[in-house]
Amino acid sequence: MYLYFFSFPVNTYLFMMQAQGIMIRESVKTMGSQMYEQVVRSTYAKMNSSLNGTDYPDDLNHSETYLQTTTFLPEDFTYQANLMCPERLPSMKGPINVNMTEISLEEIQELFAKDPYIQIGGHWKPRDCIPRWKVAILIPFRNRHEHLPILLRHLIPMLQHQRLQFAFYVIEQAGFHPFNRAMLFNVGFMEALKDMDWDCVIFHDVDHIPENDRNYYGCGQMPRHFATKLDKYMYLLPYNEFFGGVSGLTVEQFKKINGFPNAFWGWGGEDDDLWKRVQFAGLTVTRPGGDLGKYKSVPHHHRGEVQFLGRYALLRHSKERQKLDGLQNLKYFPNITVEALYKNITVNLTPELAPVSDY
């Protein structure tokens, strides 16, 4: 017993020291990249390019892991409305001033009602350039009415700064069965495809608030894990296969892996299964470098939601289940309402709606 209790503070101390070392290394990288950025900006501030894009020559495009603040277009850069939107715009300033203050959905709707280009259902696309990507944002939901307005308050301006064409889908679980985050994502995916030929989908927890608008939600580096540094994990990746919080795949990739598994009732395990499905399909997950993947988590408890204790047994048979459990065996009966800033898809999920044959 003595060794057990003694090991806890030692492990905690070692974890803290590791975190401190990582933060020091990141600070050194950031200082170097900021100096480099000043050189790039001063060189290209007066550049009159005929292309819309990152618009710096290839030899100035360094990895985002090291030079996370570089190669963004200077403030006075002008791009043409008949060309593709750049991926690294002057409007993408970097760190976001996160405001966790509760706000009502009515207040958020009133705030964004001032933007004439936000269409009903939360559809938006830029008018000053051709959107490079069409992105559907899927948000699983149950009893988080105070969290959704906070997310929209931050995410709508961020996606507008990134000049993406986007829309929000809130997939709400009704009934009394344990929360099934993965099955909700599958439902949202199927419904989103009825609206538009989306390039990719972002699977976004309602309580994950991005801290940097340079964490680009475009589709060019999918599959992608966006939420790599969450405050509740001391901004460290819990483990290498961690794929939770905010992730994304192209439409074709998600179809190829047969979507999320439907068999995870309760919280935990479904994102690990998704990671396995991606690996089995021969795909490689990318992640934003530096501090781009920082998120704040809105404080909450799993209100009445149970942990799924059977997840380990399912994960042991991920490969056998992949072709049997997912988009192909999904059935659902949605109740759809279109709100000012999102489409709400309410479903009463039961295990009978996604039967799995023996494997």
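Everything quoted here is computed from the prediction, not taken from an experiment. Hydrogens, waters and symmetry mates are skipped; everything else that's a heavy atom, side chains included, is used.
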- Item | Phe333 atom CZ: more than 12 heavy-atom contacts under 6.0 Å | no

- When you check the side-chain N and O atoms of His123 and Tyr117, is any donor under 3.5 Å from an acceptor? no

- Item | Heavy atoms of other groups near Glu110 CD, more than 12 under 6.0 Å | no

- Message: Could you check whether any side-chain N or O of Asn329 sits under 3.5 Å from a backbone N or O of Pro355, counting only pairs where one atom can act as donor and the other as acceptor?
- Response: yes

- Query: Below 4.5 Å, heavy atoms only, C-beta onward: do Gln160 and Ile118 meet side chain to side chain?
  - Reply: yes

- Do Asp197 and Lys134 meet the salt-bridge criterion of a basic N to acidic O distance under 4.0 Å? no

- Note on the structure: Scanning both residues in full, the closest heavy-atom pair of Gly121 with Ala167 reads O-CB, 4.4 Å

- Item | Minimum heavy-atom distance Val187-Leu330, with the two atoms named | N-CD2, 4.0 Å

- Task: May I ask whether Phe185 and Met196 are part of the same hydrophobic cluster, defined by side-chain heavy atoms of I, L, V, M, F, W, Y residues being less than 4.5 angstrom apart, directly or through others?
- Result: yes

- Message: Is the distance between the ring centroids of Phe166 and Phe168 under 6.0 Å?
- Response: yes

- Taking every heavy atom of His154 against every heavy atom of Val98, the minimum-distance pair comes out as NE2-CA, 3.5 Å

- Query: Just wondering, do Leu341 and Gln109 contact through their side chains at under 4.5 Å, heavy atoms?
  - Reply: yes

- Check for a donor-acceptor pair, side chain of Asp128 on one end and backbone N or O of Ala81 on the other, with a separation under 3.5 Å. no

- Take Asp273 and Arg277 through the salt bridge (charged side-chain N to carboxylate O under 4.0 Å, His left out) test and state the conclusion after the steps. CA-CA 6 Å; Asp273 194 283; Arg277 291 178 177 227; 2.8 Å; yes

- Would you confirm whether Gln173, through its side chain, and Asn180, through its main-chain N or O, come within 3.5 Å as a donor-acceptor pair? yes

- Mind checking whether Leu193 and Ile336 sit in one hydrophobic cluster, side chains of I, L, V, M, F, W, Y counted as touching below 4.5 Å? yes

- Query: Checking Lys319 against Phe280: charged group under 6.0 Å from the ring centre and within 45 degrees of the axis?
  - Reply: yes

- Taking all atoms of both residues into account, what is the closest heavy-atom pair of Ala281 and Lys256, and its distance? O-NZ, 3.3 Å

- Message: Do Leu89 and His161 have side chains that approach each other closer than 4.5 Å (heavy atoms only, starting at C-beta)?
- Response: no

- Item | Step-by-step side-chain contact (heavy atoms from CB on, under 4.5 Å) determination, Gln165 to Trp124 | CA-CA 6 Å; Gln165 182 172 353; Trp124 185 89; over 6 Å; no

- Task: Check the pair Ile130 / Leu83 against side-chain contact (heavy atoms from CB on, under 4.5 Å), numbers first and verdict last.
- Result: CA-CA 6 Å; Ile130 300 173; Leu83 296 177; 5.9 Å; no

- Message: Applying a strict under-4.5 Å side-chain criterion to I, L, V, M, F, W and Y, I'd like to know whether Trp265 and Phe176 cluster together.
- Response: no

- Query: Going by heavy atoms in the side chains, are Ile139 and Ile137 under 4.5 Å from each other?
  - Reply: yes

- Query: Quick one: are Pro261 and Gln322 in side-chain contact, heavy atoms under 4.5 Å?
  - Reply: no

- Task: Report the C-alpha separation of Asp325 and Asn258 in whole Å, then their side-chain angles, then the decisive distance to 0.1 Å, and conclude whether the side-chain contact (heavy atoms from CB on, under 4.5 Å) test is met.
- Result: CA-CA 8 Å; Asp325 182 22; Asn258 195 23; 5.7 Å; no

- Which distance, rounded to the nearest 0.5 Å, do you find between the CG of Asn215 and the CE of Met92? 8.5 Å

- CA sep, side-chain torsions, deciding dist, call: Phe203, Phe243, ring pair (Phe, Tyr, Trp, His ring centres under 6.0 Å): CA-CA 10 Å; Phe203 307 104; Phe243 204 28; 8.7 Å; no

- Item | Approximate separation, where rounding is to 0.5 Å, of Met100 CE and Arg153 CZ | 9.5 Å

- Heavy atoms, side chains only, cut-off 4.5 Å: are Pro223 and Thr286 in contact? no

- Message: Taking Gly326's backbone N and O only, do any of them form a donor-acceptor pair with Asn262's side chain (distance below 3.5 Å, no angle check)?
- Response: yes

- Contact summary for His177 and Leu349, nearest pair of heavy atoms: CD2-O, 3.3 Å

- Query: Between the side chain of Arg287 and the main-chain N/O of His225, is any donor-acceptor distance below 3.5 Å?
  - Reply: no

- Item | Basic-acidic side-chain contact under 4.0 Å: Arg132, Asp199 | no

- Between Ser247 (side chain) and Gly244 (backbone), is there a donor-acceptor pair under 3.5 Å? no

- Item | Distance in Å, Asn344 CG paired with Thr337 OG1, rounded so as to fall on 0.5 Å steps | 4.0 Å

- Query: Under the criterion ring pair (Phe, Tyr, Trp, His ring centres under 6.0 Å), which of Phe260, Tyr332, Phe254, Trp198 is the partner of Phe189?
  - Reply: Phe254

- Item | From OG (Ser297) to CG (Asp205), nearest 0.5 Å | 8.5 Å

- Task: For Glu107 and Ser104, indicate whether the former's side chain and the latter's backbone hold a donor-acceptor pair under 3.5 Å.
- Result: yes

- Can you find a pair of side-chain heavy atoms, one from Lys294 and one from Asn212, that are under 4.5 Å apart? no

- Is the closest side-chain heavy-atom distance between Val135 and Val201 below 4.5 Å? no

- Can Arg142 be said to sit on top of Phe179's aromatic six-ring, NZ or CZ under 6.0 Å from centre and within 45° of the ring axis? no

- Say whether Asp207 and His147, considering side chains only, have a donor N or O and an acceptor N or O under 3.5 Å apart. no

- Distance-only, no hydrogens or angles: does the Gln80 side chain make a donor-acceptor pair with backbone N or O of Cys129 under 3.5 Å? no

- Distance (rounded to the nearest 0.5 Å) between Ile202 CD1 and Cys219 SG: 6.5 Å

- Between the CG atom in Leu292 and the NZ atom in Lys229, the distance rounded to the nearest 0.5 Å is 9.0 Å

- Task: Kindly say whether the aromatic ring centers of Phe226 and Tyr295 come within a distance under 6.0 Å.
- Result: no

- Item | Derivation of the side-chain hydrogen bond (donor to acceptor under 3.5 Å, both in side chains) call for Thr250 and Glu252 | CA-CA 5 Å; Thr250 68; Glu252 293 307 315; over 6 Å; no

- Measure from the ring center of Tyr342 to the ring center of Tyr169 and say whether it is less than 6.0 Å. no

- Compare every heavy atom of Lys93 with every heavy atom of Pro95, then report the nearest pair and how far apart it is. CD-O, 3.8 Å

- Do side-chain atoms of Glu172 reach the backbone of Pro140 as a donor and acceptor pair under 3.5 angstrom? no

- Query: Are Ile108 and Ile120 joined in one hydrophobic group, where the rule is that I, L, V, M, F, W and Y side chains link up if heavy atoms are under 4.5 Å apart?
  - Reply: no

- Message: If you apply the rule side-chain contact (heavy atoms from CB on, under 4.5 Å), what do you find for Leu314 with Phe264, and how did you get there?
- Response: CA-CA 8 Å; Leu314 289 179; Phe264 286 77; 3.8 Å; yes

